[in-house]
2 protein chains.
Amino acid sequence: MSEVGTIESIPDATVARLPVYLRGLLELADTGVEMVSSVSLAELAGVNAANVRKDLSYLHAHGTRGVGYEVGHLLAEIRVVLGGSRSSPVVIVGVGNLGRALSRYDGFLAGGFPIAGLVDADPMVVGRKVAGTVVRPVGELADVVAQTEATVGIVATPANAAQEAVDRLVQAGIRSILNFAPAVVAVPNFVDIRQVDLATELQILGYHQHRRTGDSDTSLVSG
Amino acid sequence: MSEVGTIESIPDATVARLPVYLRGLLELADTGVEMVSSVSLAELAGVNAANVRKDLSYLHAHGTRGVGYEVGHLLAEIRVVLGGSRSSPVVIVGVGNLGRALSRYDGFLAGGFPIAGLVDADPMVVGRKVAGTVVRPVGELADVVAQTEATVGIVATPANAAQEAVDRLVQAGIRSILNFAPAVVAVPNFVDIRQVDLATELQILGYHQHRRTGDSDTSLVSG
DNA sequence: ACGCTCTTGTGCACCGGTTCACATGGCACT
DNA sequence: AGTGCCATGTGAACCGGTGCACAAGAGCGT
């Protein structure tokens with residue numbers, strides 16, 4: 001996958017869990033807890049305790065044997081790893097139902113990803129104000145990126161416009177993209193893209209459901 | 001993970017790719033293509049060709065050597081595996097920004113997952129009509145599930161209400177849940193739950209970005 | 001009918017990730 | 001200071017998944 005290797009690299013699976021730990025730690029900090037063991041953090045994150053310890057060992061976040069980890073320390077450590085606690089403005093391409101919802105989603109701002117720009121191809125949508133931001137034409141994407149200093153792009157267009165949207169984002173200098181359009185898009189290998197496919201998620205659930213109900217026998221349960 | 005094993009089980013990784021194949025195949029069918037090789041399907045889905053062949057072998061979807069796979073046949077085969085092409089009505093708990101966007105999302109209906117019911121805890125929201133459906137109080141969830149014959153639940157509540165929402169869904173008989181709330185929730189092991197965490201996705205992107213820009217050297221590129 | 005070409009189907013080696021189990025070592029209490 | 005307890009940190013086995021590479025086999029042209 002990533003082939004930098006200059007600085008110590010953290011396994012992808014670990015990186016994917018760090019935000020979950022972060023959430024759990026924030027909760028603990030809110031309730032005044034100062035120390036946490038790998039076991040309780042694991043419970044909070046829904047993973048195995050040994051896994052937590054191994055994950056944290058990648059961050060050089062040392063705990064104290066017999067005691068646990070310092071919550072505040074861990075928080076800071078994880079924040080540094082996940083983008084240096086620097087704010088990363090986001091530009092959204094495609095202001096349909098999903099784009100609007102995303103632009104209003106509090107979780108992004110709280111996580112250090114303020115929605116700084118909105119663009120759309122539809123002239124009916126351009127010019128409207130959504131979540132405090134005026135929607136600008138997709139042709140001006142490069143300007144929007146430059147002005148807002150956006151570093152992350154979200155694609156929330158229909159599937160058939162996704163590739164073009166991604167191309168424009170890359171053209172505008174964006175190197176991190178989150179794609180909600182149900183389409184496989186190609187990007188240069190210096191661009192990091194993640195796919196979030198809502199319909200696919202339901203279909204995966206559908207498989208297991210079908211499997212369960214299609215199975216005439218229900219005497220399993222196992223635990 | 002899943003421990004049924006009565007009928008032949010398909011690896012999770014394969015199941016996750018089937019919807020992508022399905023999309024690609026629909027595209028091909030639309031353009032009148034009747035046969036497809038594992039190589040072109042792989043390209044369409046953004047995966048390795050051998051992987052495609054191995055995936056399809058799990059479905060007993062035989063291709064013809066030297067020729068490829070029949071598009072229509074494959075389509076039918078995958079649809080059967082992913083829930084028997086039966087429609088699975090969905091009930092959404094939490095009709096905020098995200099819940100509204102999801103209830104209007106075309107992709108769900110197209111994939112056989114019509115939004116059949118909406119519930120919310122906020123009396124201000126209850127009674128309103130969203131995407132053609134009246135929002136009902138969360139207390140009536142069991143009724144809504146029964147009336148709509150919903151088999152899938154989507155949780156789009158704030159994090160602190162997620163566990164309760166999930167509990168209610170399980171109570172109402174739902175066994176397949178898609179959770180958009182940024183919270184780890186516990187479910188009985190006969191319930192299948194998938195997590196879609198928007199902020200987490202951005203944070204993962206943030207890690208790689210930080211890593212890239214934090215690295216003073218940029219002489220890599222590799223391809 | 002024969003052989004060539006093309007694509008499927010799969011055995012096998014490799015790789016990342018997970019989990020167990022245990023040694024290591026700090027802290028508290030006496 | 002000594003002793004016991006407890007949680008960390010990690011070596012090593014295990015497991016699922018991926019991708020190469022090749023044999024098997026279908027169709028087509030001659």
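From a predicted model like this one, the values you see are computed outputs, not experimental measurements. Just so we're on the same page: letters track the sequence lines, and every chain starts at 1.
- Of the listed nucleotides (C/dT18, D/dT8, D/dG17), D/dT8 has the atom at the smallest distance from the side chain of A/Ser37.
- Contacts between residues 191-203 of chain A and DNA chain D, counted as heavy-atom distances below 4.0 Å, involve no residue at all.
- OP1 or OP2 of C/dT8 lies within a sub-4.0 Å distance of a side-chain N or O belonging to B/Ser38.
- Within the 4.0 Å cut-off from OP1 or OP2 of D/dC20, at least one side-chain nitrogen or oxygen of B/Asn48 is found.
- Counting to the nearest Å, the C1' atom of C/dG16 and the CZ atom of A/Arg17 are 11 Å from each other.
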Report, as a single string ordered 5' to 3', how protein heavy atoms within less than 4.0 Å touch nucleotides 10-15 of chain D: B base, S sugar-phosphate only, - not at all. BBB---

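- At least one donor-acceptor pair under 3.5 Å links the side chain of B/Gln209 to the backbone N or O of A/Thr151.
- Along DNA chain C, the nucleotide nearest to A/Thr64 and the one nearest to B/Val36 differ in position, and the one closer to the 5' end is contacted by B/Val36.
- Proximity of A/His62 to the phosphate of D/dT8: no side-chain N or O atom is located under 4.0 Å from OP1 or OP2.
- With hydrogens and angles ignored, a donor-acceptor pair under 3.5 angstrom links the side chain of B/Arg65 to the base of C/dT8.
- The separation between A/Tyr69 atom OH and D/dG9 atom C1' is 7 Å, rounded to whole Å.
- For the residue pair A/Asp167/A/Gln163, the side-chain donor-acceptor check at 3.5 Å is satisfied.
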